[in-house]
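Residue numbering restarts at 1 for every chain, and letters A, B, ... go by the order of the sequence lines. Here the structure is a predicted model, which is why all the values come from computation and not from measurement.
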Amino acid sequence: QDGDLDHAMAVFKDGLGKGLKPSIIVYNTLIKGLSQQGLILPALQLVNEMAENGCHPNIWTYNLVINGLCKMGCVSDAHNLVHGAIAKGCLPDIFTFNTLIDGYCKQLKLENAIEMINRMWGQGVIPDVITYNTLLNGLCKAAKSEEVMETFKAMVEKECTPNVITYNILLESLCKAKKVNEALDLLVEMKNKGLTPDVVSFGTLITGFCKIGDIDGAYQLFRRIDKQYEVCQ
RNA sequence: UUCUUCUUUUGAG
């Protein structure tokens, strides 16, 4: 977790040398660390070796490497690894799909992202709030504000309940389209839905007001943060 | 007593 993989690997090898049997959790932890640092080949090497020590990679194991690849922007490699996982009997789960969808969205390959969502339905994996948030964020970053709102409606129709992160993305999308007043309305709407705007909600709005040069509006929002915390405490 | 996925804000050019 601190990113000190050299140390972690040293301890791991030391344990192996002393005849200790690693658990799959130990493997997954190491694979996560390696993958997050972009050390994909060493990570895959562990994936290949672990069976020898009685630990068979599970879908979590593959998800960690898939995530590492996606975060590096190597989404097609990630997609290939999904097929590798399937070949080893590990079926993609909601995490696999959400990770890949985020990878495509971060590359603004939105058609690919949407295609993955369709494929999820086909495989009986139901898109969840994270799936929709991920796609909404991709559409937002691509400045497709109309499609953001359409997708938001679609998720509600599919009985997927938006959370604070959903609204934060919508707020950013509206701010990006310079529709700050609609964003303020949305702040009210989220409260009506029982959701409490958080520090990201306000930060997003304040940035939006600043970008259109409305410093007074930004400052008023800033002062509202204090009020909200007074209510909470 | 969590091994995996989603949101805002930064600098330089």
Side-chain angles (χ1 to χ4, degrees), chain A residues 1-2 5 8 12 22-37 40 43 46-47 50 55-72 75 78-79 81-82 85 90-108 110 113 116-117 120 125-142 145 148 151-152 155 160-176 180 183 186-187 190 195-211 218 221-222 225:
Chain A
Q1 297 206 348
D2 297 333
L5 275 151
F12 176 69
S23 69
I24 188 159
I25 295 183
V26 170
Y27 273 109
N28 285 351
T29 304
L30 285 168
I31 289 165
K32 174 184 178 183
L34 291 167
S35 300
Q36 278 179 342
Q37 299 199 6
I40 302 300
L46 277 182
V47 173
M50 57 196 285
C55 294
H56 291 275
N58 55 21
I59 190 60
W60 290 49
T61 313
Y62 286 100
N63 287 346
L64 295 164
V65 186
I66 290 165
N67 188 37
L69 285 166
C70 285
K71 294 293 184 286
M72 297 169 67
V75 195
H79 202 140
L81 187 54
V82 174
C90 294
L91 291 180
D93 63 4
I94 183 87
F95 286 84
T96 319
F97 282 107
N98 287 347
T99 303
L100 260 186
I101 290 166
D102 188 50
Y104 280 124
C105 283
K106 292 275 156 65
Q107 300 278 326
L108 299 186
L110 301 174
M116 290 305 306
I117 294 180
M120 292 174 73
V125 181
I126 309 299
D128 64 3
V129 64
I130 295 185
T131 316
Y132 285 105
N133 287 350
T134 304
L135 177 60
L136 285 168
N137 187 44
L139 293 167
C140 171
K141 292 298 187 293
S145 57
V148 167
T151 304
F152 176 64
M155 79 181 275
C160 181
T161 307
N163 60 19
V164 173
I165 294 181
T166 315
Y167 277 96
N168 288 346
I169 296 165
L170 299 185
L171 289 174
E172 189 192 337
S173 178
L174 288 170
C175 286
K176 201 164 184 156
V180 292
L186 201 67
L187 198 66
M190 63 189 289
L195 296 170
T196 305
D198 62 9
V199 61
V200 177
S201 318
F202 283 102
T204 303
L205 280 166
I206 289 171
T207 302
F209 274 82
C210 286
K211 279 190 175 157
L221 278 161
F222 177 69
I225 300 177

Quick tally for nucleotides 4-13 of chain B: nucleotides whose base has a protein heavy atom under 4.0 Å get B, sugar-phosphate-only ones S, the rest -, giving BBBBBS----
Within this structure, what is the CD1-to-P distance between I25(A) and rU2(B), rounded to whole angstrom? 8 Å
side-chain contact (heavy atoms from CB on, under 4.5 Å) partners for I165(A), two or more places apart: N133(A), N163(A), I169(A)
Applying ring-ring contact (aromatic ring centres under 6.0 Å, His included) to F202(A) and not counting sequence neighbours gives none
F95(A) meets the ring-ring contact (aromatic ring centres under 6.0 Å, His included) criterion, sequence neighbours left out, with none
Results of side-chain contact (heavy atoms from CB on, under 4.5 Å) for L46(A) - residues two or more places apart only: M9(A), F12(A), Y27(A), L30(A), I31(A), L34(A), E49(A)
Mind checking what makes side-chain contact (heavy atoms from CB on, under 4.5 Å) contact with A218(A), not counting sequence neighbours? I206(A), F209(A), C210(A)
